[in-house]
Amino acid sequence: MASVTSLTASVHQRLADALTAALPEAGSADPLLRRSDRADFQANGILALAKKAKANPRELATQVVARVESGEVIKDIEVSGPGFLNITITDRAITENLAARYADGERLGVPFVEHPGTTVIDYAQPNVAKEMHVGHLRSAVIGDAVVQILEFVGESVVRRHHIGDWGTQFGMLIQYLIEHPHELDHQGGEVSGEEAMSNLNRLYKAARTLFDSDEEFKTRARRRVVDLQAGEPETLAMWQKFVDESKIYFYSVFEKLDMEIRDPDVVGESGYNDMLDETCRLLEESGVAVRSEGALCVFFDDIKGPEGNPVPLIVRKSDGGYGYAATDLSAIRDRVFRLKASTLLYVVDARQSLHFKMVFETARRAGWLNDDVKAHQLAFGTVLGKDGKPFKTREGETIRLVDLLDEAIERATTVVREKAEKVGLSEQEIGENGRYVGIGAVKYADLSTSAVRDYKFDLDQMVSLNGDTSVYLQYAYARIRSIFGKAGDRTPLAHPELGLAPAERALGLHLDRFGETLEEVAAEYAPHKLAAYLYQLASLYTTFYDQCPVIKPAPAQEVAENRLFLCDLTARTLHQGMALLGIRTPERL
């Protein structure tokens, strides 16, 4: 089915046509339409146009009103103040538009983007042989939501998990494993992700202790780094073992986060090793990079460090080693020329903004980024504790991500259990819903905050039934679904001929904004705006349900069917919106 034109777009077009007719010299003028408390919409664009044309704004507004083609969409349009237009929509237009969305299945009339491209999104970047901690949460959760949203609006998305799987520490680990070959042997077959990482942690500590205390082992470990970089077969085999063990763990954490992660999408630092030398050669030959004190560097006049001094981007070190810049620039080349990306999106901590600013500028100078291929860092802030400081354990240690998620599930399960008897949930349902509510609570707290802002991690608030939480939205969805078990022979059916109560109109107008909201969210990579839309939707539904009886006291058949239709469309919009944020909506809670 074709996408549904929103009422906003419909009114906007009518006003734009009337403006052009009343003031032809203005060309295609923007009426600056927005939602209003005084009417359904307000148009503010006439004031600026009148000033430019040296016309009386109120007179111009009156001329525009006379030329508006209202049809069955606009019920009333009036001039207010110095030239604002207040517009009210007909009840029929609201219901008919919603009926068209309802008939469109899961898409709910949401349009696809006009000119889809290919976005490569780099997110959820854990490190091999290291546990994931709370700092990894935001990249994973924000990145996954943006992937879902972009795919839903029709963008071609390539996922990339740029794991840290290369570097000098692997020489130490590999040498230790070669000398202690049974340290990673698993007794009794397969192990869980946490067991795999526990084994790696134990191995790392033992290797570090030996490295710090035994000069001969330290020398052997450093030689092993050279072997790794040279691609020596035995060394590579040992390195692969570390990577495979770590992936078992990564995948178990992502599964707990209810996120899909596919093996082909995991392309770590090592995946670009064969390109590093050529990347440096291309940069040097083009004059983008120059040698300075033995290192290959890119200099910038306008990029300065914290102390105000120019900061170079070091692509190759003076000892011939490659840093992060060489890998990141090689990744850009791969994503632009092999994957044919039109947009490169990096969901990375805001503290790395200077690095990416320099990398992107270097790629632009080299011609790898241009007007047709853009790179953008979706920078995110820090997760804070209740005290407003970076989230740590009482001992000052970084909090393990699995511990945090387990606690969220435990708290949420307690909340679900308190309500379970009322709706007759089984133990299996309590456990399952506890996972959905707990993980949803963590994700929503993150996603409902603008990415660039820090936010406080407060589990008590996150699993609360009151306020702007995922639990509030999940319960709103489950409450709507429960209505249909009490509806008897009444079914959802739109009745455009009926007038709408104020609460029905407010809910209907908000439901109609789902498509334009998603369009804005996708264009700005702003999942927090989708979260805000869904919270307002649940709030408007609560008001509607309180003021407009659906089941008891029983309204007339047509009224009941129309209200059930509004209920069902609200539920479907909540379900789809939450799914795009990576959050489940249980049918019963």
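The analysis underlying the following values was restricted to heavy atoms, covering all of them including side chains, and did not include hydrogens, waters or symmetry mates.
- With respect to the salt-bridge test (charged N to carboxylate O, under 4.0 angstrom), the residues K317 and D319 do not qualify.
- Contact annotation: the side chain of I439 approaches that of I409 to within less than 4.5 Å [non-hydrogen atoms, C-beta and beyond].
- Residues E361 and R365 are paired through a salt bridge, judged by an N-O separation under 4.0 Å between the basic side chain and the carboxylate.
- Ring geometry, Y176 versus H180: the interplanar angle falls under 30°, so the pair is classed parallel (tilted spans 30 to 60°).
- In this structure the side chain of T398 never reaches within 4.5 angstrom of the side chain of F391, judged on heavy atoms.
- Remark: E151 engages R159 in a salt bridge, criterion side-chain N to carboxylate O under 4.0 Å.
- A side-chain donor-acceptor contact under 3.5 Å links Y477 and E587.
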Legend entry - Step-by-step side chain to side chain contact (heavy atoms under 4.5 Å, CB included) determination, L465 to Y472: CA-CA 5 Å; L465 287 168; Y472 174 71; over 6 Å; no
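- Side-chain contact of T585 with H575: a donor-acceptor pair under 3.5 Å is present, judged by distance alone.
- F514 does not carry R572 over the face of its six-membered ring by the limits of under 6.0 Å from the centre and within 45° of the normal.
- A distance-only check finds no donor-acceptor pair linking the side chain of E232 to the backbone of V226 [under 3.5 Å].
- Within the 3.5 Å criterion, the main-chain N or O of D165 finds a donor-acceptor partner in the side chain of W239.
- Under the 3.5 Å distance criterion, with hydrogens and angles disregarded, a donor-acceptor pair is assigned to the side chains of E179 and Q175.
- No donor-acceptor contact under 3.5 angstrom links the side chains of D328 and Y272, judged on distance only.
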Inset, instruction - Evaluate the criterion side chain to side chain contact (heavy atoms under 4.5 Å, CB included) for residue pair V416 and Y436; output intermediate values, then yes/no. - result: CA-CA 10 Å; V416 171; Y436 294 157; over 6 Å; no
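- Counting only distance, with no hydrogens or angles, the side chain of D454 and the backbone of G381 share no donor-acceptor pair below 3.5 Å.
- Looking at T279 and S330, their side chains do bring a donor and an acceptor atom within 3.5 Å of each other.
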Legend entry - Test log, rule salt bridge (Lys or Arg N to Asp or Glu O under 4.0 Å), inputs E245 and K241: CA-CA 6 Å; E245 289 284 317; K241 196 165 188 176; over 6 Å; no
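- N201 and E131 are linked by a side-chain donor-acceptor pair at a separation below 3.5 angstrom, with hydrogens and angles left out of the test.
- In this structure the side chain of K419 never reaches within 4.5 angstrom of the side chain of L589, judged on heavy atoms.
- Using a 4.0 Å cut-off between a side-chain N of Lys or Arg and a carboxylate O of Asp or Glu, D122 and R335 qualify as a salt bridge.
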Inset, instruction - Please test R138 against Y455 for side chain to side chain contact (heavy atoms under 4.5 Å, CB included), starting from the C-alpha separation and ending with a verdict. - result: CA-CA 10 Å; R138 301 208 72 184; Y455 80 96; 3.6 Å; yes
Legend entry - side chain to side chain donor-acceptor pair (under 3.5 Å) between N273 and Y322, worked out: CA-CA 9 Å; N273 283 344; Y322 300 102; over 6 Å; no
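- Checked for salt-bridge contact, R208 and D212 meet the test: a charged N lies under 4.0 Å from a carboxylate O.
- Using a 4.0 Å cut-off between charged side-chain N and carboxylate O, D460 and K386 make a salt bridge.
- Checking each of H136, H162, H161 against Y123 for a ring pair (Phe, Tyr, Trp, His ring centres under 6.0 Å) leaves exactly one that passes, namely H161.
- Panel note: side chain K443, backbone L257; a donor-acceptor pair is recorded below 3.5 Å.
- A donor-acceptor contact closer than 3.5 angstrom links the side chains of D244 and Q240.
- Using a 4.5 Å heavy-atom cutoff, the side chains of H528 and S450 are in contact.
- Of the N and O atoms on the side chains of E155 and T119, at least one donor lies less than 3.5 Å from an acceptor on the other residue.
- Closest of all the heavy-atom pairs between V267 and G271 is CG1-CA, 4.3 Å.
- S139 and Q125 share a side-chain donor-acceptor pair at under 3.5 Å.
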Inset, instruction - Would you please test Y204 and F211 for ring-ring contact (aromatic ring centres under 6.0 Å, His included) and show each step? - result: CA-CA 10 Å; Y204 181 85; F211 186 87; 9.9 Å; no
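- For the residue pair D263/Y251, the side-chain donor-acceptor check at 3.5 Å is satisfied.
- Contact annotation: the side chain of V423 never approaches that of S482 to less than 4.5 Å [non-hydrogen atoms, C-beta and beyond].
- Among all heavy-atom pairs drawn from A531 and L447, the shortest one is CB-O, 4.1 Å.
- The shortest distance between side-chain heavy atoms of M132 and V402 does not fall below 4.5 Å.
- Listed for the T469 side chain is no donor-acceptor partner under 3.5 Å among the backbone atoms of V463.
- Under 4.0 Å is where a charged nitrogen must lie from a carboxylate oxygen, and between D227 and R224 at least one such pair does.
- The pair E278-R281 meets the salt-bridge criterion, with a side-chain N (NZ, NE, NH1 or NH2) lying under 4.0 Å from an Asp/Glu carboxylate O.
- When the options R435, R400, K256, R411 are evaluated for a salt bridge (Lys or Arg N to Asp or Glu O under 4.0 Å) with D406, the one that passes is K256.
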